[in-house]
Each structure stands twice: as structure tokens, then as C-alpha cells.
**Q** 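Have a look at the structure that comes next, please.
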Amino acid sequence: MFSSEARLIGLPLAAIDTPALVIDLEAMEDNIVRMGTYFATRPSKLRPHFKTHKCPILAHKQLAAGAVGVACAKVEEAEVLVAGGVLHNILIANQVVTRTKIFKLMGLNRHAEVMVCVDDSGNVAELAEAAQTFGVEIGVFVEVNVGMNRCGVDTAQAALALVRQVSNSKGLRFVGLQGYEGHDVKIVDLAQRQAAARRDIQRLIETREYIERSGIQVQLVDAGGTGTYNITGEIPGIDEIQAGSYLFGDVSYLGVLEDFRPSLSVLSTVVSRPARDRIITDMGLKAASTDQTLPQPVEVPGVQVRKLAEEHCYLAVDDPANELSVGDRIAFLPGHVCTTVNLHDRYYGVRNGLVEVVWEIAARGKSR
Ligand SMILES: Cc1ncc(COP(=O)(O)O)c(C=O)c1O
């Protein structure tokens with residue numbers, strides 16, 4: 001808790017200075033319950049991605065609602081999770097490279113369970129050596145490229161070679177495979193999204209079968225994101241879904257799926273109304289990202305975001321009846337929630353119009 005912000009608790013939304021990240025607690029809680037309920041009755045389980053919210057208390061809430069573990073993107077995020085009391089079943093859903101990070105990972109494993117993904121034989125050797133130095137055994141997932149063409153090995157044969165190397169390395173324990181159909185999760189048309197995800201995840205399933213035919217057990221296969229949780233989550237042979245954005249939602253997911261309620265907004269103040277057709281607010285690029293798409297005003301008809309500059313948001317006003325003036329507030333749905341959250345120090349959690357909590361975004365800026 002930030003002591004200077006604690007005074008806001010119990011006060012109306014209007015007391016929050018801007019720009020600020022505001023959680024609609026009721027909507028967020030609904031999203032947590034909805035996702036938890038979905039996985040409660042299925043063989044696949046939820047491993048929510050920490051990179052979206054970067055706040056340990058929210059990871060605890062997801063775990064309390066049935067999630068089996070947590071995924072995160074970086075070693076520093078894992079450090080924040082562990083410091084925040086999440087000690088079991090953390091998976092860094094990426095490769096950990098460089099001596100400093102590998103040592104940090106091993107140090108963490110003396111206090112908690114933090115697993116990692118690999119796609120390179122030299123990296124496996126370095127991880128094994130460091131694990132032995134630290135006297136730990138760490139869980140390892142082999143990443144398979146399912147068509148996103150980011151990280152991951154391209155063939156089942158290459159996966160098996162790495163799986164064998166991991167299995168034969170003291171200090172490493174082969175756990176399973178990870179694939180991420182990130183190029184499919186935001187396909188708006190449901191039938192097309194289903195077809196693409198099923199086709200791409202087939203590569204992961206075939207890799208699992210290939211490895212198991214060699215006599216090595218694959219304990220877990222992880223994949224999926226918010227846009228495919230109920231597609232990939234239904235495919236036999238997929239054990240865990242690593243959805244993140246479902247918690248808050250954003251413009252990039254609008255129209256993709258209606259199962260979750262947008263629960264996060266960037267609150268902003270009009271700093272200038274230079275013309276009838278132009279409004280300028282204090283939500284610039286330092287308060288909202290534009291890497292995927294622009295933010296959208298919530299419930300302000302006839303007003304469109306034109307662009308964001310360093311400190312300013314430019315709005316075009318089509319509605320002649322719009323009387324917004326300097327000092328008025330506008331809430332925006334973030335364009336891309338994960339990169340927007342990373343710009344803020346804290347969340348203001350609001351219920352029935354009153355500030356209920358102020359939560360530190362403890363892993364904000366933790367990109368190592
Ligand atoms: C490996 C991996 N899994 C899962 C996700 C979660 O995606 P989403 O936020 O769409 O749920 C991401 C997002 O980038 C990812 O990189």
C-alpha cells in the first residue's frame with residue numbers, strides 16, 4: 001500500500017488523480033469466477049499469465065478460484081511472485097538466457113518452485129550446470145513453435161532431442177511442452193479462430209505423441225490464451241491454458257469474445273478543449289500503450305481517439321452536443337492491457353463508485 005494513496009480509500013472515484021488505472025472490482029471478480037467455473041469441470045486447467053496484471057494479490061485470487069499455477073514472462077516477475085507469497089508451480093513461459101538471470105532462477109528455486117521453457121541445447125546445458133551449482137532441481141518445459149514463429153523448436157524430432165537432453169541432465173526435470181498459438185487468439189471470426197487454433201495445436205499434440213512413443217512421459221502440455229481458452233482448452237492432450245487478458249479485457253479483444261466484462265480503465269482528465277471538434281486529455285503514451293491498437297473512451301458517444309503523444313491524448317469530437325470541458329473526466333478502455341498496466345505504479349479498485357483498495361503493481365517495469 002502506498003501510504004499517501006491510502007487516504008483515498010472510501011472516497012469517490014472523483015478523488016483519484018489522473019491518469020490512473022481503475023479496476024471495476026465487481027467486473028474483475030466476475031471474470032475470475034467465470035474462468036474458474038469453466039475449468040472446474042474440464043480435464044484441462046488454468047495457469048493464468050501474471051504478465052497481464054503484475055500484481056501478486058491478483059495471482060492469489062486466481063489461484064483461490066481454481067487455477068493450478070501461474071505463468072509469468074520474466075525472471076523478475078517470478079521474483080515478485082515469490083516475494084508476494086506465491087511459492088509453488090510458477091512457470092516462466094519463456095527462455096531464460098544470460099548467466100545473471102540463470103543464477104537468479106536457480107536462487108529462486110531454493111525458496112520456491114519456478115520452472116522454465118527451453119528451445120536450445122546450449123541453454124539446457126547452462127541451466128543444468130547452474131542447477132547443480134545451486135543444488136536444485138528445476139522443472140523444464142520444451143517450447144514448440146506452433147506457427148507463431150516466435151520461440152520454440154520447429155519439429156517433433158528437435159523437441160525429442162531436447163527432451164532427451166533435459167531428461168539426462170542432473171538438476172533438470174522434464175515436465176512437458178509449451179506451445180502458444182498467439183497468432184490465432186485475436187481472430188475475430190469464431191469459426192476461423194477455432195479452425196486456426198485446432199490446426200496449429202495439432203502440431204503440439206503430435207509432438208506429445210511422438211515423444212510418448214519414445215517411452216518418455218509428457219506430464220503437462222501448456223498452450224492457449226484468452227481468445228482460445230475454450231477452443232484449445234477442449235482439445236484432448238492439452239493440460240493447461242495460460243490465459244492472461246481475460247481478467248481485465250481491452251480494445252484488442254473487443255469483438256473476439258464476449259465471455260468477460262471489461263474491468264480495467266485508464267481514468268483521464270480533459271486538460272484542454274481548444275475547439276468544438278477537439279478535446280485533449282492527460283492520458284499520453286506514458287499512461288496508455290498503443291502497440292496493438294488505440295484506447296477507446298468508455299461511454300462517451302461521438303468522441304474518437306485520434307492519437308496519443310507523450311503526455312496527451314487527442315480526441316476528435318463528432319457530436320455537436322458534446323459539452324466536455326477542462327477538468328472533466330473520461331475513462332478509456334486500454335488498447336492493449338498488458339503493456340498499459342506496465343506503465344502504472346498502482347491500481348485503484350473501485351466498487352459502487354467508491355475506492356475500496358489501492359494495490360501496488362509490484363512487477364511494473366520488471367522486464368528482465
Ligand atoms: C506464452 C504465452 N501464453 C499465454 C499468453 C496469454 O495471452 P492472453 O493475454 O491473450 O490471454 C501470452 C501472451 O502474450 C503468452 O506469451
Side-chain angles (χ1 to χ4, degrees), residues 28 31-32 34-36 38-39 44-55 58-59 62 67-75 77-78 89-96 115-119 140-153 175-188 193 196-197 200-201 203-204 220-233 235 238-264 289 291-293 333-342 363 367:
M28 182 194 73
N31 293 343
I32 292 176
R34 186 173 282 266
M35 195 60 118
Y38 174 82
F39 283 103
S44 60
K45 297 293 166 211
L46 177 67
R47 178 188 289 281
H49 213 311
F50 181 69
K51 81 192 172 81
T52 300
H53 56 74
K54 291 173 164 278
C55 179
L58 295 177
Q62 291 169 314
V68 288
V70 181
C72 65
K74 299 296 179 95
V75 173
E77 287 186 350
N89 208 349
I90 299 169
L91 169 62
I92 300 176
N94 276 310
Q95 290 65 25
V96 170
M115 300 177 286
V116 69
C117 286
V118 299
D119 68 358
V140 175
F141 282 63
V142 170
E143 183 165 4
V144 177
N145 176 18
V146 296
M148 191 187 182
N149 296 332
R150 192 168 69 179
C151 303
V153 295
V175 178
L177 303 176
Q178 177 186 272
Y180 178 48
E181 72 286 24
H183 53 304
D184 299 330
V185 294
K186 290 179 183 172
I187 298 174
V188 173
R193 188 161 76 251
D200 292 333
I201 291 301
R203 287 162 76 164
L204 196 57
L220 294 176
V221 176
D222 278 33
T226 296
T228 54
Y229 80 97
N230 56 359
I231 303 169
T232 304
I235 297 175
I238 295 298
D239 299 296
E240 295 180 349
I241 296 296
Q242 300 177 347
S245 300
Y246 78 95
L247 187 70
F248 292 144
D250 61 19
V251 180
S252 79
Y253 262 123
L254 278 183
V256 175
L257 76 176
E258 312 291 316
D259 306 0
F260 303 99
R261 291 164 65 187
S263 67
L264 188 81
S289 70
D291 58 309
Q292 293 199 355
T293 185
L333 185 62
H336 179 199
V337 66
C338 307
T339 45
T340 297
V341 163
N342 192 48
S367 55

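Basis for what follows: all heavy atoms, side chains included, without hydrogens, waters or symmetry-related copies. When a ligand or atom number is given, it counts from 1 through the structure's own listing order.
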**Q** Less than 4.5 Å apart, side chain to side chain, heavy atoms only: is that true for Leu204 and Ile238?
**A** yes

**Q** Checking the side chain of Tyr253 only, and the main-chain atoms of Gly227 only, is there a donor and an acceptor separated by less than 3.5 Å?
**A** yes

**Q** In the structure I gave you, are the side-chain heavy atoms of Leu46 and Gln62 within less than 4.5 Å of one another anywhere?
**A** no

**Q** Under the side-chain hydrogen bond (donor to acceptor under 3.5 Å, both in side chains) rule, collect the residues that match up with Asp222, sequence neighbours excluded.
**A** Arg47, Gln242

**Q** Gln95: what forms a side-chain contact (heavy atoms from CB on, under 4.5 Å) with it, not counting sequence neighbours?
**A**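 Once residues adjacent in sequence are excluded, the partners of Gln95 under the side-chain contact (heavy atoms from CB on, under 4.5 Å) criterion are Val97, Cys117, Asp119, Glu143, Cys151.
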
**Q** Tabulate distances under 3.5 Å between N/O atoms of ligand 1 and N/O atoms of the protein, writing both atom names on each line.
**A**
unit_1, atom_1, unit_2, atom_2, d
ligand 1, 3 (N), Gln242, OE1, 3.3
ligand 1, 7 (O), Tyr180, OH, 3.2
ligand 1, 9 (O), Ser245, N, 3.0
ligand 1, 9 (O), Ser245, OG, 2.6
ligand 1, 10 (O), Tyr253, OH, 2.6
ligand 1, 11 (O), Thr226, N, 2.8
ligand 1, 11 (O), Thr226, OG1, 2.6
ligand 1, 11 (O), Gly244, N, 2.7
ligand 1, 11 (O), Ser245, N, 3.3
ligand 1, 14 (O), Lys51, NZ, 3.1
ligand 1, 16 (O), Arg150, NH2, 3.0

**Q** Taking ring-ring contact (aromatic ring centres under 6.0 Å, His included) as the test, write out the residues that go with Tyr38, two or more places apart.
**A**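 Expected list: Tyr229.
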
